Each structure stands twice: as structure tokens, then as C-alpha cells.
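Data first, discussion second: the structure below is written as C-alpha cells.
Computed over heavy atoms, backbone and side chain alike; hydrogens, waters and symmetry mates excluded. These figures come from a predicted structure and were not determined experimentally. Residue numbering restarts at 1 for every chain, and letters A, B, ... go by the order of the sequence lines.
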There are 2 protein chains.
Amino acid sequence: MKADLRAHIEKNIPLTDEEFTFVISHFSTKKFKKHQFLIQKDEPVPYSYFIISGLVKLVFTDESGKEHIVSFAMEDWWESDFYAYYTQTKSTMSLECLEDTEVLCCTLEDYKKLCDGLQKMERFFLEKATFGFLGSQRRIISWLTSNSKERYEQLLKQYPTLFQRVSKSQIASYLGVSRETLSRLSS
Amino acid sequence: MKADLRAHIEKNIPLTDEEFTFVISHFSTKKFKKHQFLIQKDEPVPYSYFIISGLVKLVFTDESGKEHIVSFAMEDWWESDFYAYYTQTKSTMSLECLEDTEVLCCTLEDYKKLCDGLQKMERFFLEKATFGFLGSQRRIISWLTSNSKERYEQLLKQYPTLFQRVSKSQIASYLGVSRETLSRLSS
DNA sequence: AATAAAAAGTGATCTACATCACATCAGGAA
DNA sequence: TTCCTGATGTGATGTAGATCACTTTTTATT
């Protein structure tokens, strides 16, 4: 379980045992059941999360109360309301488990200590942030260039396993399409 | 002009003269006229660009030949086809001047040397990447939650000066709306 | 100043998708 | 088993926004 984080980091950057001991000392472990919240809207965001197992959704709720799924995150992903986390403000979104989920938690203070104490980790986070940005940009391009059916097919191709783990309503919410339209698309 | 870069970095992280001399040695200067291309689709992407003055658009052209503006970038911004840049592959987009533009250019090799040679710069790029990601996420949320008119008003509020510098067709392309619809919205 | 070219506005029509309403089906709890 | 809740499918209808066609205005170019 802590080994998962090591394997994850070492996909990019090799670490010595000593370095990894330093890294892991900045994380705590938490477990959540399906339907529990890691982050609640309007509450502070004490942690960013590395997901060891399970699946969560980051949700923005608009004024009318409608939920919009900003992202899903599963094993081997990082998630949080990063804006609220970095700026230490209250969350504008919620982060909720769609499955029982185990995470490693990192406070902003520990995040900074990690970056200061081990340049490799700063490099690692830079790569994560860069490719996170590129993933979002890709999604924007998908919006600009494609209709609902095409976006659905792109998502299916990119994350086929997601479709066995979340309901179609959730997929619809992520794609920005009504669940009825999605139902008609996939038939 | 090189001082612009220093001021830009020092908004986040102070530098000594010596450090800045090191930083600036990794950049070259280029000037482009309106309508010239910094990056052409299907060509390699040798540089990322820091914009000293002027305005550029990052454009994705779909199969039907329709142009979609992925982003605008003006003074004090960084821009490139970052995916192609980091992976050293051919560009899928083009980067074109909407005004006469002056930039500082950084190769991937120099970018890496900068990060290796001065931890402050790695920190700086990490902050840029993080807030770039957050900006994209914000735009996705805007798509998920708002109609054309609302997205138009949000953009107007966020970047009022942009509207004096680019045509409404360009704004429409960025918002993912037809120029006719945009014209009707703003009246 | 004359001409060309790009930008912007506007009507008419079409269509992708939302919304509403209801039926069906599967899984969990008493 | 029975009841309940959430997920899914599907028809009928409404609407935001696309597309097409044309005009007017603004901006460049000679």
C-alpha cells in the first residue's frame, strides 16, 4: 500500500530506500466507504490525496443544485480541490467516494517540505502538474471539436475500465450531456 | 525586454543578479509579425515561448478544416504546443501571431538545464504548471455549468482587455460558439 | 480617394440536445 | 418474498445554438 506510492513515483523517477522513507513520512493513510466525502463544499481542504485503491468523483454543484462531475480519480491518481488546497481557502467542490477507497494524505505543509527536502519530488510534482494540464487541455479540445457522441466514444476509448465502475448517469455528468441523451447515444 | 522575464519570475520567486544571468542565458529572442506562425501543425516544436509583447493564438484545426482556438496568450504568458514540446513530437496545433510579437525562446534542453541548475526555476515552473492546470479546470467547469452567454460574460469579466485586441470571430472560436450566435449574444 | 477584404449584424431555417413524463429492470434491505 | 430505491430506456416536445444567405460597417491596401 505504501509500496504503491513508491511504484507510482518510480514510474518517473527512481528513489533510494532512504529517499522513499523520507517521502512516505509526509503522508498519512485514510480509508473511506462508498458515499463518504473526502472533501465537502465550503469546508477547508487539508489534504491532497494519492489514491491507493477505489474511485472518487470531484463534483461541482451549480446554483440550481445540479451536480457536474469535474473529474474521476482512481488508483494511482492524485486528487483534491487543488485550488482550495494551494490557496488554503474553502472548497468550491466536493470529493466523494464511488467505491470504498484508500488514500494517502498530504497536507500543504508536508507537500512544501517534500519539495524543499528532495528535489526529485519537486521534479515529480512538476511532471504531474504538467501532464495534468495537458490532460485538461485535451479535454477542452475535445469539447471544442466534437459532439456528444464523439466525446463519449473518446472517453470510452481512453478509459474503458471506467464504464464498468460508474453508472451512465455519472458518465453523462462528466461529459456534460443529459443522461437521456447519453442513453440514446450508446444504443 | 529581458527585464520583463525577470520581473515575471520575481512575481513568484526573487532572484539574485547572478541567478538571473544564468536564467537568461538559456533563452534567445525572436520577433514575429502579425499573421506569422511560431508553430506550424505537423512540424517539430523546438521552443516554448515567453511572450514579451504582442498576442498569439493556439489553434487546433479539425478534420473538416475548421479552426478552434485553444488559447490566447499575451504579454507575460508562456505558450507552446506543450505536449509536442515535452514529448519532442510533431505539433498537432499551430501558434500564430494576432499582433506583432516578441518572445523569449527556450528549447527543451535548456528548460531541463534550467531546472537542474537552479531549483528556484523548477519551483517557478511548478507553480506555472499548477496554475495552468487550475485555469484549464476552471474553463472545463465553465463549459459544464454555463451556456454560451454566461461563458461569454465570464470571459469578458476575466480578460476585458482581450476584447479590444481580437475580433469577435476569434472570441467565438475560443468559446466554442458560432460567430453569428456570439454576435446575437452581445447585443 | 478608391477599392478590396475582413469583420460584424441579422433574418430564416434546421438540428442536436435538454427536459418532462413514464415504463422497465436490477440490486439491497426488511 | 416483498418492497424500495436507483439505474436505464424511450417517446413527445421544447429550445439553444448552428448553418446558410445576405447586408452593412470597418479596416487595410494601392
Pair up each side-chain donor or acceptor in residues 39-50 of chain B with any protein partner under 3.5 Å, not counting sequence neighbours, and list the distances.
residue : atom : partner : partner atom : Å
B/S48   : OG   : B/Y85   : OH           : 3.3
B/Y49   : OH   : B/L38   : O            : 3.2

Does the ring centre of A/F133 sit less than 6.0 Å away from the ring centre of B/F131? no
Relative to the ring of A/Y111, is the ring of A/F125 parallel (under 30°), tilted (30 to 60°) or perpendicular (over 60°)? tilted
Could you write out each protein N or O paired with an N or O of nucleotides 11-16 of chain C at a distance under 3.5 Å?
residue : atom : partner : partner atom : Å
C/dG11  : N7   : B/R184  : NH1          : 2.8
C/dG11  : O6   : B/R184  : NH2          : 3.2
C/dA12  : N6   : B/R184  : NH2          : 3.4

Enumerate the residues from residues 153-162 of chain A whose closest heavy atom to DNA chain C is under 4.0 Å, giving them by residue number; use none for an empty result. none
Taking only nitrogen or oxygen atoms into account, show me every contact under 3.5 Å that the protein makes with nucleotides 22-27 of chain C, one pair per line with its distance.
none

Per atom distances to the A/S183 side chain, the nearest of D/dG9, D/dA18, C/dC17 is D/dG9
Looking at B/K66, does any N or O in its side chain come under 4.0 Å of the phosphate oxygens OP1/OP2 on D/dA18? no
Looking across every strand, which nucleic acid part, if any, lies under 4.0 Å from B/K34 by heavy atom: base, sugar-phosphate, or nothing? nothing
I'd like to know if the side chain of A/Q36 pairs up with that of A/E96 as donor and acceptor (distance under 3.5 Å, no hydrogens or angles considered). no
Suppose we call two aromatic rings close when their centres sit under 6.0 Å apart. Are B/Y159 and B/W77 close by that rule? yes
Think B/T181 has a side-chain N or O under 4.0 angstrom from the OP1 or OP2 of D/dA18? yes
Are B/F163 and B/Y152 an aromatic pair by the rule of ring centers under 6.0 Å? yes
Given D/dA7, C/dC17, D/dA18, identify the nucleotide with an atom nearest to the side chain of B/V177. D/dA18
Let me test you: for the helix from C/dA1-D/dT30 to C/dA30-D/dT1, what is the angle between the axes at its two ends (five pairs each), rounded to 10 degrees? 50°
Contacts of type ring pair (Phe, Tyr, Trp, His ring centres under 6.0 Å), residue A/H26, not counting sequence neighbours: A/F22
